[in-house]
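In each ligand, atom 1 is the first atom listed, and ligand 1 is the first ligand listed. Sequence positions, counted from 1, serve as the residue numbers for this chain.
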Amino acid sequence: MNCSEQYPIDQVIYTCQRCGGLLDVHHDLEALRRDITRDRFDQRLGAADLPYRSGVWRYKELIYPTIPDNYIVSRPEGNTNLYYTPQLARWVGVSKLYLKHEGENPTGSFKDRGMTGGVTHARALGIRRVACASTGNTSASLAAYAALGGLEGIVFFQNQQIALGKLAQAVAYGATCIQVEADFDRNLELVREVANKLGIYVLNSINPFRLEGQKSIIIEMLQQLRWQTPDWIVCPGGNLGNSSAFGKALYELYALGLIDRLPRLAIIQAEGANPLYRSYQRGLQSLEPIHAETIATAIKIGNPVNYAKAVRALRWTDGVVEVVSDQEIMDAKALIDRQGIGCEPASACSLAGAQKLVSRGIIRPEERVVGILTGHILKDPEATIHYHDQTLADIRPQFPNPLHPAAPDIEAISQILEQARPQTALA
Ligand code: F0G
């Protein structure tokens, strides 16, 4: 991405051998411009068969044009809902708010869109073993796609603070699970070194084929909006793979004429895991890694590997970076949950961040905003339960829905039901 050195698609390589920079999958946009139209993608909606039934491979020309269909490992993923949420829009302070729920992917997070690309490429390379370090969702996704593709999955994660749903998935889908006494950032270093030594293929978001798949979140969202570009796209930022993929998707769609203007990207970090935000405040000159801490364990990352690509995405889209506290994350999550939609804590950065950006006058009330929900509510049941029973350290829930213990007695239960009317969190 920095020096424009090119490498063949079948070379196993993660960073540029000349300048050390990150790698991009480069598409021939000139040739694609002749081929690709909105109609072409629209005609594939409702396809009964793979690959076009997948919300990733529907856009195959923009993801991995030359891959033969029989290599594709697909659940199929994507086709996630774009919810129109007027009550939450009022709370945020904008006229129109949509939430695209990537927790509705097969393993419950957006990672499946990247993993179908990464595991498919691993098969094309003839590789048998794939690995990642993870705060949880990537490992769940890798484990599932490796199983489906007949590969050995290997996942590294911290021996504490991994959300229970994610851990259960990786174990159950049959990956070799290595619990390391080290945080995500160190685990990512370790997996890269071990993979290099043992000839294992790394499927973290440093792998550019992962990011190609994740571009489809944006393409599908725009198709759901009938190709009408929103004013803002708001998403959480951890390792910054997703925001990087969003930037590339938007750049390419604009270059191809599928959209006629660019939305602005807002990347939201947790206060305790905010290295991009700190850099943003210094004019995005450099990244200083930090030790990360947040209740949103999915984004507990202090040294994001895709920093340079996220900076590029911010420059392409005139983007902004904002931070939200754990308290704001959990209250915003409670509101999303209360709509009957639900998400895991990190996802709620999108809503909390949008609200903060409106209150700071950066997002204007008349603008159209799409928030990305990245993970399913069931990924982290403990965070949800402890929010509502008000036992989370340092968090005073604004929208709790406490359990009502009751004796097995009609009178006692009737009394509870007369007194306890559920609060309406939003008008
Ligand atoms: N939301 C959720 C639910 C995630 O799992 C992640 C990342 C993010 C947001 C942030 O996305 O890293 O592309 O900026 N989870 C990774 C993992 C790190 O290992 O599952 P990002």
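- Under a 3.5 Å cut-off, the side chain of H388 and the backbone N or O of N401 do form a donor-acceptor pair.
- Any N or O atom pair closer than 3.5 Å counts here, and A133 shares no such pair with ligand 1.
- Proximity of K111 to ligand 1, defined as any heavy-atom pair under 4.0 Å, is confined to the side chain (atoms from C-beta onward).
- The neighbour count for R282 CZ, taken as heavy atoms of other residues, nucleotides or ligands under 6.0 Å away, is above 12.
- Ligand 1 has an N or O atom lying under 3.5 Å from an N or O atom of T138, backbone or side chain.
- Here the CD1 atom belonging to I341 is positioned 12.0 Å from the OG atom belonging to S347, to the nearest 0.5 angstrom.
- Remark: ligand 1 atoms within the under-4.0 Å shell around heavy atoms of G241 are 13 (O), 14 (O), 21 (P).
- Remark: ligand 1 atoms within the under-4.0 Å shell around heavy atoms of S134 are 17 (C), 19 (O), 20 (O).
- Within the 4.0 Å heavy-atom criterion, the part of A346 lying near ligand 1 is the side chain and not the backbone.
- Here the shortest heavy-atom pairing between K215 and L62 reads NZ-O, 2.6 Å.
- The protein non-hydrogen atom at the shortest distance from atom 4 (C) of ligand 1 is A298 CB, 3.5 Å.
- Using a 4.0 Å cut-off to heavy atoms of E344, the atoms of ligand 1 that qualify are 3 (C).
- For the pair K166 and ligand 1, the shortest N or O to N or O distance does not fall below 3.5 Å.
- For ligand 1, none of its N or O atoms has an N or O atom of F184 under 3.5 Å away.
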Identify all side-chain donor-acceptor contacts of residues 125-134 below 3.5 Å with residues at least two apart in sequence or on another chain.
{"residue": "R128", "atom": "NH2", "partner": "G150", "partner atom": "O", "Å": "2.8"}
{"residue": "R129", "atom": "NE", "partner": "E152", "partner atom": "OE1", "Å": "3.0"}
{"residue": "S134", "atom": "OG", "partner": "G136", "partner atom": "N", "Å": "2.7"}
{"residue": "S134", "atom": "OG", "partner": "T138", "partner atom": "N", "Å": "3.3"}
{"residue": "S134", "atom": "OG", "partner": "S139", "partner atom": "N", "Å": "3.1"}

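- Salt bridge present: D24 and R312 bring a charged side-chain N and a carboxylate O closer than 4.0 Å.
- Side chain of S244 to backbone of L240: a donor-acceptor contact under 3.5 angstrom is found.
- Selection from I299, I301, T374 by nearest heavy atom to atom 8 (C) of ligand 1 gives I299.
- For a threshold of 3.5 Å applied to N or O pairs, the pair formed by N239 and ligand 1 contains at least one separation below that value.
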Inset, instruction - With salt bridge (charged side-chain N to carboxylate O under 4.0 Å, His left out) as the test, would you mind laying out the steps for E252 and K248 before giving the verdict? - result: CA-CA 6 Å; E252 289 170 353; K248 188 167 187 282; 2.7 Å; yes
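- For F157, the closest heavy-atom approach to ligand 1 does not fall below 4.0 Å.
- Near T135, the atoms of ligand 1 lying under 4.0 angstrom from a non-hydrogen atom of the residue are 15 (N), 16 (C), 17 (C), 18 (C), 19 (O), 20 (O).
- In this structure, the protein non-hydrogen atom closest to atom 13 (O) of ligand 1 is N242 N, 2.8 Å.
- Counting heavy atoms under 4.0 Å from ligand 1, residue K379 does not touch it at all.
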Inset, instruction - Determine, stepwise, if the pair Y64 / H121 fulfils side chain to side chain contact (heavy atoms under 4.5 Å, CB included). - result: CA-CA 9 Å; Y64 194 159; H121 187 59; 2.9 Å; yes
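- Any N or O atom pair closer than 3.5 Å counts here, and N137 shares at least one such pair with ligand 1.
- Ligand 1 does not have S109 within reach: every non-hydrogen atom of the residue lies 4.0 Å or more from it.
- With ring centers used as reference points, Y98 lies 6.0 Å or more from Y83.
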Inset, instruction - Show your reasoning for whether side-chain hydrogen bond (donor to acceptor under 3.5 Å, both in side chains) applies to H101 and T80. - result: CA-CA 6 Å; H101 207 328; T80 60; over 6 Å; no
Inset, instruction - Dump the intermediate steps for salt bridge (charged side-chain N to carboxylate O under 4.0 Å, His left out) on E61 and R44, then the final yes or no. - result: CA-CA 13 Å; E61 292 85 346; R44 295 176 185 167; 2.7 Å; yes
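- Close approach of ligand 1 to G237 (heavy-atom distance below 4.0 Å) involves ligand atoms 14 (O).
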